[in-house]
Amino acid sequence: MDAVISSTGLAKTYGGVRRVDGLDLAVPAGVVSGFVGPNGAGKTTTLRMLLGLIRPTEGRAWVLGTEITKPHVYLSQVGAMIEGPAMTPALSGRANLDLLAVLGGHDRSRIGETLQLVGLAHRADDPFRSYSLGMKQRLGIAAALLPDPKLLLLDEPTNGLDPAGIVEIRQLLRRLAGIGITVFVSSHLLSELEAVCDHLVMIRAGRLVFQGPTSELLARQLPRIRAVPEDSADLPVLARLATDRGNPATITDGAVVVDAPATFAGELNREAMQHGITLVELAARQNNLEDAFFALTGSTTGDTGITTLEAAR
Ligand SMILES: Nc1ncnc2c1ncn2[C@@H]1O[C@H](COP(=O)(O)OP(=O)(O)OP(=O)(O)O)[C@@H](O)[C@H]1O
């Protein structure tokens, strides 16, 4: 599959600090690709370079096959929402899009279908100022869709939204991918993207941490087995039973937690029984994207600035 975004050694230095530090990107066509990293990781800077708004200090990049030194060639096929939607509060959603279509030289006849696509047809004639934050974001995405783009770049479209608003954006991103638009969407909230992205580009301090299908990242992680003995005095013995069989275990919150293939759960259960230990809980769960990110970066929520799944709820 051809890459719609690619780069080699893309870098941007501000005040002597490499804020984007040698990115080799390859985002395939037809996916929702999540651009994930903590605050300040360099996501917005990268997106601005891809849009030709700022020049890289080093490296090269291509969007839809054209080098970013010639943005006029590809920008007519790229929709973007970088700084949140700039709309006129007193005008309706439809009138705002109409104005942007005229200013941008886009086909005004597409406005109705675009409003439909972002789920705003029923509120299209209400003033922008009466919209919820989620509706405002979706109108911003509608504006980015006016050029009928092949590629959509969105910077933190779920920032500040309530859970219902986040779900609406997720559904919209899937709908857009369904009609063949490649979506490259940034977020510092892993939990928001896990559900929607086929592909991920994860960065930290300007550097690539992982790039590839979401499934590949999840597959790299061993499932986590949690076993709770009836008698907490058995915790150290249970942990040793797992560790002795080559599966490192820790004792956390009254449970033994083992990073091992799910099949090991049965073996652990048998071993526990043979040692007279009764388990009152035994569960294997696949690590989520957040676990995978922390495993890859060797970081904790505290030093990445990433909001945890729990905190995001
Ligand atoms: N014009 C600029 N001048 C100086 N430093 C800048 C400039 N733009 C960005 N930076 C710095 O570069 C780093 C990366 O910023 P960037 O906005 O790209 O991060 P981000 O991943 O988008 O984070 P956030 O989620 O907070 O927007 C930050 O430390 C920021 O302060």
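The analysis underlying the following values was restricted to heavy atoms, covering all of them including side chains, and did not include hydrogens, waters or symmetry mates. Along the sequence shown, residues are numbered consecutively beginning with 1. Counting starts at 1 for both ligands and their atoms, in listed order.
The closest protein non-hydrogen atom to atom 7 (C) of ligand 1 is Y14 CE1, 3.3 Å. Nearest protein neighbour of atom 16 (P) of ligand 1, counting heavy atoms only, is T45 OG1, 3.6 Å. Of the protein's heavy atoms, G42 N, 3.2 Å lies nearest to atom 19 (O) of ligand 1. For atom 27 (O) of ligand 1, the nearest protein heavy atom (residue, atom name, distance) is T44 OG1, 3.5 Å. In this structure, atom 20 (P) of ligand 1 lies nearest to the protein heavy atom K43 N, 3.4 Å.
Comparing heavy-atom distances from atom 11 (C) of ligand 1 across R19, E156, R204 singles out R19 as nearest.
Salt bridge absent: D155 and K43 never bring a charged side-chain N and a carboxylate O closer than 4.0 Å. A salt bridge between D21 and R204 is absent, with no side-chain N of the basic residue lying under 4.0 Å from a carboxylate O of the acidic one.
Residues V257 and L238 do not share a hydrophobic cluster, clusters being chains of Ile/Leu/Val/Met/Phe/Trp/Tyr side chains in contact below 4.5 Å. V73 and L50 are not part of a single hydrophobic cluster, where members link through side-chain heavy atoms under 4.5 Å apart.
Ligand 1 has at least one atom lying under 4.0 Å from a heavy atom of G40. Taking a 4.0 Å cut-off on heavy atoms, G37 fails to register as neighbouring ligand 1. The shell of residues lying under 4.0 angstrom from ligand 1, judged by heavy atoms, excludes R48.
Under 3.5 Å, the side chains of D125 and S92 contain no donor-acceptor pair of N or O atoms.
Distance remark: protein heavy atom not present below 4.0 angstrom from atom 30 (C) of ligand 1.
Contact of the H199 side chain with the Q211 side chain is registered, since non-hydrogen atoms from C-beta on lie closer than 4.5 Å.
Under a 3.5 Å cut-off, the side chain of R110 and the backbone N or O of L145 do form a donor-acceptor pair.
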